[in-house]
Amino acid sequence: MVTPRKVIAIVGPTASGKTGLALQLAQKVPAEIICADSRTIYRGMDIGTAKPSLEEQGGVPHHLLDILNPDQPYSAAEFKNDANRLMQDIESRSKLPVVVGGTGLYVTALLYDYEFPAGADNTLRKELEQKELTELQDELRQRDPEAYKTVDTKNKRRVIRAIETIGQPRSRNNRLPENCLLLGLNPSMEELEKRIQKRTKQMLGEGLVSEVKSLANKYGKAVEPLQTVGYREVIEYIEGRHTLEETEQLINLHTRQLAKRQLTWFKRNKDIVWFPNAEQAIAYIGSPTL
RNA sequence: GCAGGGUUAGUGAAGCGGUCAAACACGAUAGACUGUAAAUCUAUUGGCUUAUGCCUUCGUAGGUUCGAAUCCUACACCCUGCA
């Protein structure tokens with residue numbers, strides 16, 4: 001490590017090998033990992049999220065893993081605060097914070113210092129959710145014509161949020177902080193496909209079904225975190241809607257679709273330095289030209 | 001062998017004389033996304049370099065009709081009932 005970095009972030013689609021890269025990095029530099037992942041924050045969601053086990057963490061501190069139960073909501077704004085606090089802690093210990101994760105919004109919010117509007121008022125949100133999309137569109141159009149122009153008016157969640165936050169500011173930085181290195185891992189689609197298939201098989205073999213059963217029993221199968229790829233399909237399997245083999249295929253399919261969506265998010269970020277695999281990324285980080 | 005049902009775009013599946021290039025779902029492709037983001041949502045999806053246009057599609061080959069995915073005949077394949 002020639003130039004000291006204040007923070008390194010690793011992004012990429014699911015199953016691209018981010019965790020492995022982070023660990024390799026941590027072997028070269030004293031580092032701690034901040035997980036930017038909207039699913040591994042949940043306790044009990046281990047197998048289906050490919051959460052690194054304590055053993056796999058190899059003594060490198062991993063933050064923001066298992067901080068909530070699946071019935072507790074979390075948000076990008078909370079992540080940003082938590083991660084910022086952690087980065088300071090880690091820096092104060094003279095270690096390198098490494099932000100790793102596939103949740104694009106989380107990483108972006110942190111690195112580009114998003115200013116979020118206030119959180120939702122549950123009563124108001126429930127009220128709004130009762131309404132039809134067209135009603136909500138009308139309401140937004142009347143109360144905030146400017147927002148109406150920019151919001152995705154066909155997306156009910158977005159329209160509701162826009163109504164909730166009328167008059168509140170939102171901003172972001174357009175540039176990455178100087179001392180931040182943003183790495184992207186993007187194996188070929190064929191490679192990714194292989195990794196996904198292997199991983200799904202492994203998850204099922206390690207007891208994904210019983211993990212999902214126990215979570216569904218505890219929290220109900222309707223909680224949002226259980227609408228996750230890998231969990232939703234297994235719930236359908238438990239309900240007898242597919243065979244185990246179909247379930248595996250569906251998980252593969254939906255994971256691939258997820259990976260593409262993640263890539264769509266990251267692709268437009270021109271600050272990301274992309275690598276097809278961990279080796280090349282490590283070589284780049286270690287090169288004296290940095 | 002007789003009787004009945006079926007064969008529709010990448011897949012499943014509607015349509016059963018005109019308003020059908022053909023609903024819908026899935027898949028695919030591209031994309032959006034600042035307090036749910038592994039979520040949510042959008043566009044396109046027969047061909048023609050792009051049009052209130054043309055061409056080719058609804059098992060195959062014929063026929064009836066001004067007009068057929070839709071009706072008739074024959075053939076092929078599949079499923080079911082009786083043998």
Side-chain angles (χ1 to χ4, degrees), chain A residues 11-16 18 35-42 45-51 68 70-83 101-122 124-126 128-129 133 136-137 147 149-166 168-174 189 193 196 199-200 203 208 212 222-236 241-242 246 249-269:
Chain A
V11 300
T14 186
S16 58
K18 300 184 291 292
C35 299
D37 186 306
S38 68
R39 300 293 123 140
T40 54
I41 53 168
Y42 289 113
M45 293 180 67
D46 304 329
I47 300 169
T49 60
K51 186 188 291 168
L68 295 174
D71 55 353
Q72 298 176 287
Y74 195 66
S75 69
E78 287 174 275
F79 170 81
K80 187 196 158 193
N81 292 335
D82 291 344
T103 304
L105 177 60
Y106 285 15
V107 178
T108 310
L110 175 68
L111 266 28
Y112 296 86
D113 195 24
Y114 276 29
E115 174 190 18
F116 287 97
D121 170 334
N122 276 326
L124 174 62
R125 177 167 290 186
K126 281 209 176 104
L128 293 173
E129 277 170 349
L133 178 62
L136 295 165
Q137 289 169 335
K149 279 187 220 161
T150 53
V151 165
D152 178 357
T153 50
K154 291 193 176 156
N155 190 336
K156 192 171 173 181
R157 281 190 185 179
R158 297 274 157 69
V159 179
I160 288 175
R161 181 96 265 260
I163 293 172
E164 285 173 357
T165 58
I166 285 174
Q168 296 185 43
R170 53 188 70 199
S171 66
R172 61 163 287 170
N173 293 155
N174 288 317
M189 226 23 223
E193 178 86 26
I196 288 169
R199 201 177 69 175
T200 304
M203 286 174 177
L208 180 59
V212 176
V223 293
E224 176 90 17
L226 289 185
Q227 309 316 308
T228 298
V229 173
Y231 290 81
R232 198 195 296 217
E233 295 80 0
V234 169
I235 286 172
E236 288 168 2
R241 296 206 258 155
H242 322 289
E246 286 166 347
Q249 300 307 336
L250 283 170
I251 294 175
N252 284 154
L253 172 69
H254 294 154
T255 306
R256 186 173 65 233
Q257 292 173 335
L258 164 65
K260 295 185 93 172
R261 250 179 289 136
Q262 290 174 303
L263 245 16
T264 299
W265 174 280
F266 291 123
K267 260 192 289 189
R268 65 178 170 179
N269 185 333

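Keep in mind the model is a prediction, meaning the values are calculated, not measured. The sequence lines fix the lettering, A, B, ..., with proteins before strands; numbering per chain opens at 1. Because only heavy atoms are used, hydrogens play no part in the values below, and waters and symmetry mates are left out as well, while side chains stay in.
Across all strands shown, B:rC77 forms a Watson-Crick or G-U wobble pair with B:rG6, both key distances being under 3.5 Å. With a cut-off of 3.5 Å on both pairing distances, B:rU65 has no Watson-Crick or G-U wobble partner at all. Pair check for B:rA51 finds none; no Watson-Crick or G-U wobble contact set falls under 3.5 Å. The nucleotide B:rA14 finds no pairing partner, because no Watson-Crick or G-U wobble arrangement with both distances shorter than 3.5 Å includes it. The partner of B:rG1 is B:rC82, by the rule that a Watson-Crick or G-U pair needs both atom distances under 3.5 Å. Remark: B:rG31 base-pairs with B:rC41; criterion is Watson-Crick or G-U wobble with both hydrogen-bond distances under 3.5 Å. In a base pair of the Watson-Crick type (N1 to N3 plus N6-O4 or O6-N4) or a G-U wobble (N1-O2 and O6-N3), with each distance short of 3.5 Å, B:rU56 is matched with no nucleotide.
Relative to the side chain of A:Arg170, the nucleotides B:rA38, B:rU36, B:rU34 differ in distance, and B:rU34 lies closest. Comparing B:rC41, B:rA38, B:rU36 by their closest approach to the side chain of A:Arg161 singles out B:rU36. Ranking B:rU34, B:rU42, B:rU36 by closeness to the A:Arg157 side chain, first place goes to B:rU36.
A:Tyr74 places its OH atom 18 Å from the P atom of B:rU34, with the value rounded to the nearest Å. Remark: C1' of B:rU36 and CG of A:Leu68 are 13 Å apart, rounded to the nearest angstrom. Spacing between atom CG of A:Leu105 and atom P of B:rA37 amounts to 8 Å, rounded to whole angstrom units. Residue A:Leu110 contributes atom CG, which lies 16 Å from atom P of B:rU34 at whole-angstrom precision. Per the geometry, CG belonging to A:Leu263 stands 13 Å off P belonging to B:rA38, to the nearest Å. Between the CG atom of A:Leu258 and the C1' atom of B:rA39 there is a distance of 10 Å, rounded to whole Å. Per the geometry, CZ belonging to A:Arg232 stands 17 Å off P belonging to B:rU36, to the nearest Å. What separates CD of A:Gln227 from P of B:rA39 is a distance of 9 Å, to the nearest Å.
As rounded to the nearest Å, B:rG15 and B:rA25 have C1' atoms that lie 15 Å from one another. Nucleotides B:rC79 and B:rG12, compared at atom P, are 15 Å apart to the nearest Å. Nucleotides B:rC24 and B:rU45, compared at atom C1', are 15 Å apart to the nearest Å. Rounded to whole Å, the P atom of B:rA13 lies 16 Å from the corresponding atom of B:rU80. Between B:rU11 and B:rA23, the distance separating the two P atoms is 15 Å to the nearest Å. Using atom C1' as the reference point in both B:rA22 and B:rU57, the two lie 10 Å apart (nearest Å).
Mapping A:Thr165 and A:Tyr231 onto RNA chain B by nearest heavy atom places A:Thr165 closer to the 5' end of the strand. Toward the 5′ end of RNA chain B lies the nearest nucleotide of A:Phe266, the other residue of the pair A:Phe266 and A:Gly230 mapping further downstream.
As judged by a 4.0 angstrom heavy-atom cut-off over every strand, A:Glu129 is placed among the base-contacting residues.
Scored by the side-chain hydrogen bond (donor to acceptor under 3.5 Å, both in side chains) test, A:Lys80 finds A:Asp113 as partners (sequence neighbours excluded). With sequence neighbours excluded, the residues forming a side-chain hydrogen bond (donor to acceptor under 3.5 Å, both in side chains) with A:Arg161 are A:Glu164, listed by chain and number. The salt bridge (Lys or Arg N to Asp or Glu O under 4.0 Å) search around A:Lys156 returns none, not counting sequence neighbours. A:Gln227 pairs by the side chain to side chain contact (heavy atoms under 4.5 Å, CB included) definition with A:Arg232, not counting sequence neighbours. A:Phe116 pairs by the ring-ring contact (aromatic ring centres under 6.0 Å, His included) definition with A:Tyr114, not counting sequence neighbours.
Between A:Thr14 and the phosphate of B:rA38, there is no side-chain N or O to OP1/OP2 separation shorter than 4.0 Å. A sub-4.0 Å separation between OP1 or OP2 of B:rA37 and a side-chain N or O of A:Tyr106 is present. For B:rA38, one of the phosphate oxygens OP1 or OP2 lies less than 4.0 angstrom from a side-chain nitrogen or oxygen of A:Thr103.
Taking each heavy atom of A:Asp37 and A:Thr103 in turn, the nearest pair found is CA-OG1, 3.3 Å. Counting all heavy atoms, side chain and backbone alike, A:Val107 lies closest to A:Val11 at CG1-CG1, 3.7 Å.
One side chain, A:Thr228 or A:Arg39, offers a donor N or O that lies under 3.5 Å from an acceptor on the other. Using modelled atom types, one finds a donor on one side chain and an acceptor on the other under 3.5 Å when comparing A:Arg170 with A:Thr165.
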Which letter, B, S or -, goes with each nucleotide of nucleotides 25-32 of chain B from 5' to 3', with contact meaning a protein heavy atom under 4.0 Å?
--SSSSSB

